[in-house]
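Contents: one structure, followed by commentary.
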Amino acid sequence: MKPADVETFFATLKAANPQPASELVYSSVFELLAAVLLSAQATDVSVNKATRRLFAVAPSPQRMLALGLDGVIEHIKTIGLFRSKAKHLLETCRLLIERHGGRVPRSREALEALPGVGRKTANVVLNVAFGEPTLAVDTHIFRVGNRTGLAPGKTPLAVELKLLQRVPAAYLEDAHHWLILHGRYVCQARKPRCWDCAVADVCDFRPKPPRP
DNA sequence: ATCCCGAGGG
DNA sequence: CCCTCTGGAT
């Protein structure tokens, strides 16, 4: 993708969706952190189904700890990777209380020190909860960055750095959600919907012509 | 590089 | 059946 097309790319996505937001359901910074931790390799629909039950009983680190491992698993067992996620979530809750007064810390170092929280999850929390100019690269953004030519890279970190360097400052705040929603609904993994893609003319990807 | 791991879509 | 889903730890 040519540098001049990057502005067009984001202006077009913005016009279609002026105020993009996460589709995860949460009502506090703690719930955001927990929901994102649970969302690894899972759809937001399945995560929301589980967190509706979980957060009704455990909206705080203290209440989450009180549930215990089996209690947490009972609520999230419909999500993939549920055993490791339950374990990580509980240990994270313990550390939030022990190190951070039961609050979610605002620094990358403190966030990534929590089990189950890596660079991507930390970036989401820093951006969405604290308004920091970070850009979390998930499976969608990694694919969209490479496929479109907007931000090619062999690893998520490489794509993230390329995006931070190419996305105009005015779009950085919401770029994460525009890219993720574009990847989820239009630039899909298996069958990208290029025929109704608003940014197809500035995209490097050319789909195979359909069979007659 | 491998493991974790359920639900939904094609 | 196979692939994908807002990854992270070992």
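Labels below follow one simple rule: chain letters A, B, ... track the order of the sequence lines, proteins then strands, and each chain is numbered from 1. Below, all heavy atoms of this structure are taken into account, side chains as well, without hydrogens, waters or symmetry copies.
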**Request:** Would you classify A:His88 as touching base, sugar-phosphate or nothing, given that sugar-phosphate means primed atoms plus P, OP1 and OP2, and contacts are heavy atoms under 4.0 Å?
**Result:** sugar-phosphate
**Message:** Under 4.0 Å, heavy atoms only, any strand: does A:Thr121 hit a base, just the sugar-phosphate, or nothing?
**Reply:** sugar-phosphate
**Item:** Between C1' of C:dT6 and CZ of A:Arg119, the distance in whole Å
**Value:** 16 Å
**Message:** For a quick check of understanding: with a heavy-atom distance under 4.0 Å over all strands, which category does A:Leu114 fall into, base, sugar-phosphate or nothing?
**Reply:** sugar-phosphate
**Prompt:** Can a salt bridge be assigned to the pair A:Glu23 and A:Arg184 using a cut-off of 4.0 Å between side-chain N and carboxylate O?
**Reply:** yes
**Message:** Heavy atoms only, 4.0 Å cut-off, all strands: where does A:Pro115 land among base, sugar-phosphate and nothing?
**Reply:** sugar-phosphate
**Request:** Check whether any side-chain N or O of A:Arg143 sits under 4.0 Å from OP1 or OP2 of C:dC5, and answer yes or no.
**Result:** yes
**Asked** With a 4.5 Å limit on heavy-atom distance, are the side chains of A:Leu179 and A:Leu150 in contact?
**Response** yes
**Message:** Checking side-chain polar atoms at under 3.5 Å, does A:Arg143 have a donor or acceptor matched by the opposite partner on A:His140?
**Reply:** yes
**Request:** Considering non-hydrogen atoms only, spot the tightest contact between A:His176 and A:Asn127 and give its length.
**Result:** CB-ND2, 3.7 Å
**Complete:** Scoring nucleotides 2-10 of chain B by protein non-hydrogen atoms under 4.0 Å (B base, S sugar-phosphate only, - none) yields --BBBSSB-
**Request:** Specify the separation, in whole Å, of atom CG of A:Leu89 and atom C1' of C:dG8.
**Result:** 14 Å
**Message:** Does A:Val117 reach a base, just sugar-phosphate, or nothing at all? Heavy atoms under 4.0 Å.
**Reply:** sugar-phosphate
**Item:** Nearest-Å distance once atom P is located in both B:dA7 and C:dG8
**Value:** 22 Å
**Item:** Nucleotide C:dG8, atom P - distance to CD of A:Glu112 in whole Å
**Value:** 8 Å
**Asked** Do A:Asn123 and A:Glu132 have a side chain donor and acceptor closer than 3.5 Å?
**Response** no
**Item:** Integer angstrom distance from the P of B:dG10 to that of C:dT6
**Value:** 14 Å
**Message:** Can you confirm whether A:Val128 sits close enough to A:His177 that some side-chain heavy atom of one is under 4.5 Å from a side-chain heavy atom of the other?
**Reply:** yes
